[in-house]
Student: 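Dumping the structure here so I can ask a few things about it.
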Amino acid sequence: MTSPNTGRLLQRNGRLHLDLPDFEAPRPVRPLRPRPLTAPEVVVFVDDEDEDLWRINGLDELDPRSRVELEQALRERYYMPRIEQVTSTRTLFGTHYWEVVTNRGPASFALREPGKNVTWLNEHHCVIRDTVGNRFEMTDLRQLDPASRKRVLTIL
Amino acid sequence: MFAPPPASLAACFPADDPVRYWMEADRTPDGHVGNVQVGVSAGRVLARCGSETLADLPLAEIEEARVDEMFGGSRLVAVASGRTHVLARYSRTLVGEFAALCRVIEDLREGREPVVPDELDTARCARCGSPLPERGGNCPRCVSKRNVLIRLARLLVPYRGRVALLVLCSTLSVLAAMTPPLVYKNITDRVIREGLASELGWWIGLILTAFLAENLFRFLTNWTNAWLGARVVADLRSQLHTKAQRLRLLYHNRHESGQLVGRVMHDTAELQHFLIDGLPYFLVNMLSTATIGIILVSLSWKLALLVFLPVPLLIVGGGLFWKHLHPLFHQRGNRVGALHTILSESLRGVRAVKSLSQEDRRTREFDHANTRLFTVRTSLDRIFAGFFSSMSIAMAAGTTLVWYFGGRAILANPSATEGIQLGTLVAFASYMALFYGPLQWFAAVFNWATHALTSAERVFSVLDQPVEDYDLPGTIRLERIRGEIELDNIRFSYQRGKEVIKGISLRIEPGTMVGLVGRSGAGKSTLINLICRFYDPDSGRLLVDGHDVREVNLSSWRSQIGIVMQDPFLFNASILDNIRYGRPDATFDEVVAAAKKAQAHKFICKMEEAYDSVVGDGGVSLSGGERQRIAIARAILHDPRVLILDEATSAVDSETEKALQLAIAALIEGRTTIAIAHRLATLRNADRLVVLEDGQIVEEGTHEELLAREGGQFARLVALQTEINRLRAEQNLWQE
Ligand SMILES: Nc1ncnc2c1ncn2[C@@H]1O[C@H](COP(=O)(O)OP(=O)(O)O)[C@@H](O)[C@H]1O
Ligand SMILES: [Mg+2]
């Protein structure tokens with residue numbers, strides 16, 4: 001398997017590149033999370049032919065520079081705002097309209113069939129997929145303010 | 001679809017190269033909610049965030065513009081001079097918009113005039129900006145309730161006689177119901193107190209008449225109302241069905257068929273329920289409440305005020321109650337659903353559960369869900385009980401006040417013949433029961449009305465969809481055509497921005513057979529959809545016998561086409577009716593002749609009920625090859641000038657295939673044929689083969705010509721298939 005400091009990540013021509021000891025030159029890669037919901041710390045790197053080149057089981061296997069590069073790339077690819085406050089919810093005919101404040105700013109979205117489109121990672125942590133496929137995360141229901149929590153609980 | 005650009009963006013482009021297309025993304029480069037504008041002119045592409053320019057690329061230097069779809073959204077990327085520039089990051093909400101912009105950049109880059117879609121299925125309401133329940137749908141928040149009401153009312157116009165009857169009967173029934181308390185008053189004051197005993201019989205007669213009249217008119221009201229509600233909904237349903245038949249395939253494509261069925265059945269049922277139960281309840285009770293109010297005031301305005309005292313409490317209380325209850329109802333629905341899922345999974349998956357020894361786990365999961373349902377049910381019941389108790393208290397308060405102050409007034413002046421007498425009090429008591437009862441439900445009915453209107457609105461939104469233009473005035477009716485088909489530089493995309501057919505030109509001579517070959521996903525079926533005019537191309541022309549099909553009457557063109565697909569659709573009807581579905585007037589002899597040609601006659605006669613066997617959903621099940629031959633018989637009887645075979649022989653074993661080949665040979669005789677076949681060998685007798693790849697024609701020629709072409713796509717496909725066949729044969733040998 002992999003050990004620390006064997007792979008290096010760098011930006012070149014606006015793309016993330018991976019350099020492994022047996023590479024002649026850094027190759028352009030895309031970082032992918034094979035378990036984006038249940039183990040986001042695992043990352044594989046695939047090339048443009050979707051070939052799996054390398055896998056890490058946590059960001060701590062990388063040197064600090066590579067780590068910053070990867071964090072940046074993952075932030076963009078796995079964009080998932082965290083809901084911090086639910087300002088209003090409204091239900092019209094099976095569609096739930098949400099107005100929320102996330103760690104990335106205010107957002108509004110529509111949710112249908114919560115049973116299908118909400119994934120519970122544990123009793124207090126869930127990921128919501130809205131009607132167009134945007135995802136929102138609630139890391140800990142207990143940490144929401146009481147008004148927000150009440151709104152969430154009536155729907156989920 | 002491109003609005004005029006904002007001044008700040010326009011200012012970034014020189015006067016001689018103004019911005020022509022632009023779009024606003026909803027994420028900043030650092031991943032926050034915010035705006036990034038991307039502008040495209042004839043010469044450059046520019047992205048800006050606030051006052052900062054993120055990218056400014058001359059179009060000539062761009063090698064590729066593309067969209068990256070990612071887990072958490074998408075981005076528009078341009079590669080220029082070997083370097084990748086991210087122009088914009090955006091949420092899924094904007095994928096359609098940016099796909100279109102990306103296509104514009106690609107078009108401009110390749111020197112084409114961009115094809116700009118005039119409408120996009122946006123994910124947000126253009127008016128209020130809130131997310132839509134479905135792309136391109138209507139916004140439930142913005143719908144004018146009044147318009148929907150007017151439209152519903154318009155459905156009643158053909159039945160105005162019954163509506164008048166309804167109004168008359170309900171008014172009469174309310175008036176009749178108002179009578180008895182007044183009679184009680186007279187019996188108390190006149191008969192009992194003043195001793196006019198002879199009047200008693202008369203008054204009793206009046207009470208009986210009032211009861212009879214009330215119930216008679218109520219029966220008439222309910223009956224007329226039920227009839228009207230059912231009638232209106234039946235009308236809507238059949239309008240919806242007719243509409244669904246004529247909707248463009250594009251609509252069916254974008255909406256799951258379940259959704260449409262749901263709309264036809266569920267929404268109309270919801271509406272019916274409200275029209276039959278909710279609306280009359282509301283109207284009759286409004287009417288009686290108002291009438292009672294007037295009577296009470298005229299009897300004694302002072303006592304009437306006491307009666308009205310708890311009214312705001314009842315109405316506000318009812319409103320609050322429903323507001324509380326609604327989410328709980330919802331929760332109960334969800335939890336019942338969850339329980340159902342677990343139960344049905346346990347039952348259907350009983351083998352899997354047992355073989356993995358997970359019975360205990362399933363039990364635990366079920367118990368957990370069961371407890372959750374129990375909790376929500378108990379809180380529902382608690383709220384219900386609490387509500388009715390508090391409402392009763394409020395009503396009792398009103399009643400008590402009336403008796404107290406009324407009693408005192410009478411004691412103060414026992415022999416009054418004006419104002420408050422004993423009889424007044426008796427009448428008040430009876431009226432109050434009639435008066436308070438409905439008030440607590442008004443909020444509920446209001447709630448219900450909102451839902452019913454939303455249902456109505458969704459039904460109307462389907463009715464408002466554009467339909468296919470069957471009989472446009474000025475179009476040519478095609479008579480029996482020769483069957484010459486020409487495609488002239490056709491381009492097409494299902495979803496805006498994602499081109500599937502990328503400029504195809506093809507000429508098919510009358511009576512010849514053309515084979516379409518290519519990997520799955522190359523666009524073969526799409527091309528056929530275009531030829532049938534199930535969709536219209538984004539650009540380019542389709543000519544039939546030299547006529548542009550857009551100038552041709554649609555059904556006169558479609559009736560000349562016969563299609564046999566891989567999995568032909570059989571209607572839930574007899575084989576006989578299925579074969580003559582396109583020509584219901586065909587004689588039995590003609591049907592048999594067609595079935596014989598299609599090699600279907602023999603197997604049909606072997607079936608117990610032969611041509612009378614009902615097939616399709618819920619009928620006798622047939623093998624793929626048998627269904628196929630029935631479809632071919634249908635096509636032979638239909639006698640089309642143009643024949644389309646889409647993977648017609650794919651799902652069949654090799655023995656049946658032989659029969660099928662014979663059937664098809666009979667079918668294609670003398671017709672222009674376009675055939676798609678998975679097994680390339682079956683296309684050997686095509687006059688010409690056309691190889692598609694990624695929406696474009698890459699090779700054309702006869703079977704032999706293409707085989708001979710070194711390194712050609714077709715030669716490769718054939719080699720691959722031969723290899724697969726060889727492996728299969730080996731495997732079969734091993735198995736035997
Ligand atoms: N109804 C549809 N809506 C959206 N995309 C479609 C639809 N049908 C086909 N496509 C897409 O169009 C492309 C061509 O499909 P198709 O014409 O069915 O290919 P073929 O018949 O050659 O296998 C594929 O990428 C497919 O995903
Ligand atoms: Mg196909």
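Keep in mind the model is a prediction, meaning the values are calculated, not measured.
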Student: With a 4.5 angstrom heavy-atom cut-off, which part of A/Thr131 approaches chain B: side chain, backbone, both or neither?
Tutor: side chain
Student: Taking the six-membered ring for Trp and the full ring for Phe, Tyr or His, determine whether the centres of B/Phe384 and B/Phe321 are under 6.0 Å apart.
Tutor: yes
Student: Of the non-hydrogen atoms in B/Glu365 and B/Ile342, which two are nearest, and what is the gap between them?
Tutor: O-CD1, 3.7 Å
Student: Do any N or O atoms from the side chain of A/Asp130 and from the backbone of A/Phe109 form a donor-acceptor pair under 3.5 angstrom?
Tutor: no
Student: Which atoms form the tightest heavy-atom contact between A/Leu9 and A/Glu69, and what is the distance?
Tutor: O-CG, 4.0 Å
Student: With chain B, which of A/Asn134, A/Val132, A/Thr102, A/Leu153 has the greatest number of heavy-atom pairs at distances under 4.5 Å?
Tutor: A/Asn134
Student: Please look at B/Asp30 and chain A and tell me whether the side chain, the backbone, both or neither of the residue comes under 4.5 angstrom of a heavy atom of that chain.
Tutor: backbone
Student: Do you know which of A/Gln72, A/Arg30, A/Arg104 has the most heavy-atom pairs under 4.5 Å to chain B?
Tutor: A/Arg104
Student: Pick one of side chain, backbone, both or neither for A/Leu32, based on which atoms fall under 4.5 Å of a heavy atom in chain B.
Tutor: neither
Student: Out of B/Arg124, B/Arg335, B/Arg27, B/His85, which one racks up the most heavy-atom pairs below 4.5 Å with chain A?
Tutor: B/Arg27
Student: Where on B/Ser130 is there a heavy atom nearer than 4.5 Å to chain A: the side chain, the backbone, both, or neither?
Tutor: neither
Student: Return the option, out of A/Arg75, A/Glu76, A/Glu99, A/Met80, with the maximum number of heavy-atom pairs under 4.5 Å with chain B.
Tutor: A/Glu76
Student: Ignoring hydrogens and geometry, is there a side-chain-to-backbone donor-acceptor pair from A/Tyr79 to B/Gly31 under 3.5 Å?
Tutor: yes
Student: As a quick check of understanding, evaluate salt bridge (charged side-chain N to carboxylate O under 4.0 Å, His left out) for A/Arg15 and A/Asp48, giving each step before the final call.
Tutor: CA-CA 12 Å; A/Arg15 289 204 57 182; A/Asp48 289 345; 3.3 Å; yes
Student: Pick from B/Thr84, B/Val376, B/Leu328: which one has the most heavy-atom pairs with chain A under 4.5 Å?
Tutor: B/Thr84
Student: Looking at A/Arg135 and B/Phe71, would you say the former's side chain and the latter's main chain have a donor-acceptor pair under 3.5 Å?
Tutor: yes
